[in-house]
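Worth knowing before you read on, the calculation uses all heavy atoms, side chains too, and leaves out hydrogens, waters and symmetry mates.
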Amino acid sequence: MSRAHGPRAAGDDSLALRLGGGPDAAATARGALARLRADLDPPLMETLRLLVTELVTNSVKHAGATTVNLRVTVKPASVWTEVRDEGPGFDPSTTATPGNDRGGWGLFLVERLADRWGTVRDTDGTRVWFELRRG
């Protein structure tokens, strides 16, 4: 089950979801992006949908996550996104290349399409974040 929550500040639009780690997690996350304000231009929204789908899929497939947390904040100049799971983490330098032994295109696409991105491993799990500039 997913839930959107969190206060909305003037000029910002936010989305926060807690998703089950099953096969529908990525589709649920992608669909929830429609709750964001409609003034995101279509190419930016498509990039956001693609990257969210890839990262949530990675959390479920590679980290074996039973819970995935998604947070998206739309600001006047950018869209900031974070996907968090309880997984063991990874080395981004070895996974951002398609065709590696972990497979997939997720982090390669993030590397190519996001303006900035990174990973953080802490006691709560692994966070992958990215930022897309607007305009």
Side-chain angles (χ1 to χ4, degrees):
M1 175 159 190
S2 62
R3 292 175 281 161
H5 58 82
R8 294 178 191 245
D12 290 355
D13 194 15
S14 299
L15 174 70
L17 297 172
R18 183 177 174 94
L19 304 158
D24 297 330
T28 301
R30 190 173 49 251
L33 294 174
R35 297 180 197 156
L36 295 171
R37 65 177 167 200
D39 70 343
L40 290 177
D41 66 31
L44 181 67
M45 181 56 90
E46 285 306 312
T47 300
L48 179 62
R49 281 188 193 114
L50 174 63
L51 298 184
V52 164
T53 299
E54 292 293 334
L55 291 182
V56 171
T57 297
N58 282 356
S59 289
V60 173
K61 182 177 178 181
H62 298 297
T66 57
T67 302
V68 179
N69 293 294
L70 169 66
R71 184 174 300 275
V72 180
T73 302
V74 178
K75 296 188 176 204
S78 66
V79 179
W80 182 84
T81 303
E82 176 184 272
V83 175
R84 176 189 284 270
D85 63 55
E86 69 273 9
F90 59 93
D91 178 355
S93 68
T94 63
T95 57
T97 305
N100 64 50
D101 62 346
R102 290 181 58 109
W105 289 83
L107 291 177
F108 175 78
L109 291 172
V110 172
E111 172 74 27
R112 295 291 185 182
L113 299 175
D115 294 295
R116 296 183 325 129
W117 76 284
T119 64
V120 177
R121 174 77 182 132
D122 59 26
T123 58
D124 294 329
T126 302
R127 291 183 287 147
V128 179
W129 62 269
F130 66 87
E131 185 175 52
L132 301 172
R133 273 181 271 178
R134 299 181 68 192

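Across L17 and A29, no two heavy atoms sit closer than the pair CD1-CA, 4.2 Å. Across all non-hydrogen atoms, the minimal contact from R84 to G125 is NH1-N, 4.4 Å.
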Apply side chain to side chain contact (heavy atoms under 4.5 Å, CB included) to the pair D122 and R127, showing each step before the final yes or no. CA-CA 8 Å; D122 59 26; R127 291 183 287 147; 3.8 Å; yes
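At least one side-chain heavy atom of T66 sits less than 4.5 Å from a side-chain heavy atom of E86. In this structure, the side chains of V72 and V79 come closer than 4.5 Å at one or more pairs of heavy atoms. You'll find the side chain of F130 stays beyond 4.5 Å of the side chain of L113, heavy atoms only. Proximity of L55 to T81: side-chain heavy atoms (C-beta onward) are nowhere separated by under 4.5 Å. V74 is listed as a side-chain neighbour of R134, based on a closest heavy-atom distance under 4.5 Å. Within the 4.5 Å cutoff, the side chain of L51 has heavy atoms near those of the L132 side chain.
L44 and V83 fall within the same hydrophobic cluster, where Ile, Leu, Val, Met, Phe, Trp and Tyr residues are linked whenever their side-chain heavy atoms come under 4.5 Å apart, directly or through other members. Cluster membership check: L40 does not share its hydrophobic cluster with W80, using side-chain heavy-atom separations under 4.5 Å among Ile, Leu, Val, Met, Phe, Trp and Tyr. Note on L109: it clusters hydrophobically with M45, by side-chain heavy-atom contacts below 4.5 Å among ILVMFWY residues. Residues W129 and V52 are members of separate hydrophobic clusters, defined by side-chain heavy-atom contacts under 4.5 angstrom among Ile, Leu, Val, Met, Phe, Trp and Tyr.
In this structure, NZ on K75 lies 8.0 Å from OG on S14, to the nearest 0.5 angstrom. Atom CG in L48 sits 7.0 Å away from atom CG in L36 (nearest 0.5 Å). T28 OG1 to L33 CG: the interatomic distance, rounded to the nearest 0.5 Å, is 11.0 Å.
By the side-chain contact (heavy atoms from CB on, under 4.5 Å) test, V60 pairs with A25, V68, sequence neighbours left out. Taking R30 as the reference, nothing meets the salt bridge (charged side-chain N to carboxylate O under 4.0 Å, His left out) condition, with sequence neighbours excluded. For D115, the salt bridge (charged side-chain N to carboxylate O under 4.0 Å, His left out) criterion is met by R133, not counting sequence neighbours.
No option in T126, V56, N69 other than T126 meets the side chain to side chain contact (heavy atoms under 4.5 Å, CB included) test with D85.
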